> 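This is the structure I want to talk about, given as structure tokens.
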Amino acid sequence: MSNPDLLTARDIRKSFVGFKALDSVDFSVRAGEIHALLGENGAGKSTLIKVLTGVLRADSGTFELNGDPITVRDTLHAQQLGIGTVYQEVNLLPNLTVAENLYIGRQPKRFGLVDTRAMHKMARALLADYDIDIDVGAQLSSFSVAVQQLVAIARAVDMSGSVLILDEPTASLDRHEVELLFGVLRKLRDRGLGIVFITHFLDQVYAISDRITVLRNGRLVGTRETASLPRVELVSMMLGRTLAAATEHGRRDAPPHSSRRIAFHDFGRDRSIAPFDMTIHAGEVVGVAGLLGSGRTETARLMFGIDLADCGTIGIDGKPVKIASPRDAVRLGFGLCPEDRKADGIIGDLSVRENIALALQARRGWLRRMSTSDQTELANRFVKALDIRTTDIEKPVKLLSGGNQQKVILARWLATSPRFLILDEPTRGIDVGAHAEIIELINKLCDEGLALLVISSELEEIVAYSTRVRTLRDRAHVGELTGAEISTGSIMQAIAADPGGAK
Amino acid sequence: MSSRLLPFYATLAIFVLAYGVCVFQFPNMLSTRVAGNLLTDNAFLGIVAVGMTFVILSGGIDLSVGAVIGFTTVLIAVLISWYGIHPLAAFAIALAISTAFGAAMGVVIHYLDVPAFIVTLAGMFLARGMAFVITTDSIPIRHEFYTTLQGLYLRLPGGGRFTLIGGLMVLVFAFGIALAHFTRFGSYVYALGGNKTSAELMGVPVARTTIGIYALSGFLSGLAGVVFSLYTSAGYSLSAVGVELDTIAAVVIGGTLLTGGVGLVAGTFMGVIIQGLIQTYIVFDGTLSSWWTKIVVGLLLFAFIALQRLLVVLSDRKRLLRNTPT
């Protein structure tokens, strides 16, 4: 790997109002390599890509292409310089034909009119390089996502042709399609292209990349050769913890199995999460650990009926039930505190009282309105029980701190006296004090006999409250830790385990 | 071709069926006279509908077209009758003004990022208001050149007349079809209607295209105004009130998706002719109120929007099935 650097970015800084998205990041791509760019949420991956492709301007830093200093003015300029990008959402035009998508703005002309026949011929020749043989005169939307993705790549390479940036290209592809895409990428690498590849799937990183760069909280953690970087070390680079320090153990033992349980059997959804089995007993907290994109939120969405399962069954206390929508889930006594509190959870302009009463009111139906005094009574009870700090229950929820907003959502579900509560990242964006309170609350609810499923990227936190820990990798449930096995170290090992090596 | 063109085929089928029913009831309707009159009577509507097709294909809307037609007829009548300007010069002035007016709306829509609905609504009031400011009277146009133009026609076998304005409409449609399908501008229009953000990222000149689309719509509204003044030999500030809605109806019945990106200029032709056919039927019948035209057009419009929605849902479902590995 002695190829020269093709595209180099040095000391890149970019901040948005009071928040450093990129803090002195160095990054380089060599000709003829596939370079994986990794990092958890908010690590700065997409900001770096946007800076490289001219969507955003860096505050400071230098760029070099083939050794010459460059300044990327805008996306069009980046394309002209030879930097092509394919975004996760295939940004082509589904209502145009394949050929038009490939050549829009540069269609061949004859007598001042577009020469459709020549354009189709060129398109077929271009796609033949990728072993794609399709009707280029058909609408792009009539082809699968994988083909659309390949068309987008063909277009980017044809227009730019030296650096190709792929932002999560495999997010919506199945295994076979991923193989197809990887074949094309290897071919392009051998042609001397520098390819930047962003993904959340560790297996894919090891399958295709030559080097890996890890970002965390806007800072560069390191760039390493893939072949000499063990998985566990990669995970610890991404999560920012070393194995030596990660030794604290869980405090809780699994409760005796009770007959009150929720059992998911062979439950899964194509392209979302592989089928899994899970039984959660009353009085139990099941922690779900995994990297971003490993299928954590997908598991929660599936259990709560937001996405419909393709296969599998659910049983409550041994009786089979069906969940076809979140309403069904609520009726069965399920509750979900979503990951994105602001967008999916609280209704900011409504008062604390109204937010707490919401789920209970929804379950009663709109004909039987809860009286204001009932609502006030309910809200006061939970404000006291959960210690929600608000001057007034009539205060709009958006004025509360993150931790208190989280408690309001919890109160909303607790008001419906649920049997099963799913918490997706309950402590994200919450200050340290409130953090401890939420964890205490989870422990307390569990002691009261509620069944909980808690998703979190804070491993210490999972260790602190879980009676069992599910580990997820690449959209599948890959392992379970119980009792004394639970420690941050063992969770990290499980997340990073090489499926090939484990067998 | 793809199922998204199905609304166009549906329109074609409805036209053939409707014409068949008409001919079955009134055999006289199968004549070159009726065909010629259909073209002549709907010439202004067809011309303005071509412009509207481009606007709707790009995901926009132009509510100002009726008012621009009204304004143009008044302007031409005043220029000819009050100031003695030659009709050709008057036409040139009117077309220049209407084109500039459309382009200006395009500029506002793109650079100020205001919805086309609002901008062209303002344009509608502006153009209609200007027409009233010039004069509230109906001004007759008496000019030799007008008489000559109105007298120009090709005699069709069977006694039908293929008039100048009918021919002009056919020409505008031919031009529109070529522009939509055989030029880069045409592909940009479809691209904008498909997804503006993607189009921008793919290097489509969004500003130039948006302004061009509304300028084209403005120009064709002006041309429709010229045709309307030839058709009625007068300029009146209240003429062509509500024509923007008839035009939108013709475009949608012709199979163009109101959300943009899908449709054919040829479909709009069918949409215009179907509206004309309904009117002709009512004339032949003689007992029906002419308001029945509106009722039938309303029903057709509703049926087509429902059909398009259904097709979108079906094709989504089909794609979902196909993407599921077996």
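Chain letters run A, B, ... following the sequence lines, proteins first, then strands; residues in each count from 1. The structure displayed is predicted, hence computed values, not measured ones.
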> Look up atom CG in A:Leu102 and atom CE in B:Met202, then write down how far apart they are to the nearest 0.5 Å.
8.0 Å

> Non-hydrogen contacts under 4.5 angstrom with chain A: give the residues of residues 174-186 of chain B involved, or none if there are none.
B:Phe182, B:Thr183, B:Arg184

> For the residue pair A:Leu93 and B:Ser198, what are the closest heavy atoms and their distance?
CD2-CB, 4.0 Å

> Counting neighbours of CZ on B:Arg208 that are heavy atoms of other residues, nucleotides or ligands and sit closer than 6.0 Å, is the number greater than 12?
no

> For A:Asn101, is it the side chain, the backbone, both, or neither that has a heavy atom closer than 4.5 Å to a heavy atom of chain B?
both

> Would you indicate whether the side-chain heavy atoms of B:Tyr188 and A:Ile104 approach each other to under 4.5 Å?
yes

> With distance as the sole test, does A:Asn95 use its side chain to make a donor-acceptor pair with the main-chain N or O of B:Ala191 at under 3.5 Å?
no

> Using a heavy-atom cutoff of under 4.5 Å, enumerate the residues of residues 96-111 of chain B that contact chain A, numbered in order, or state 'none'.
none

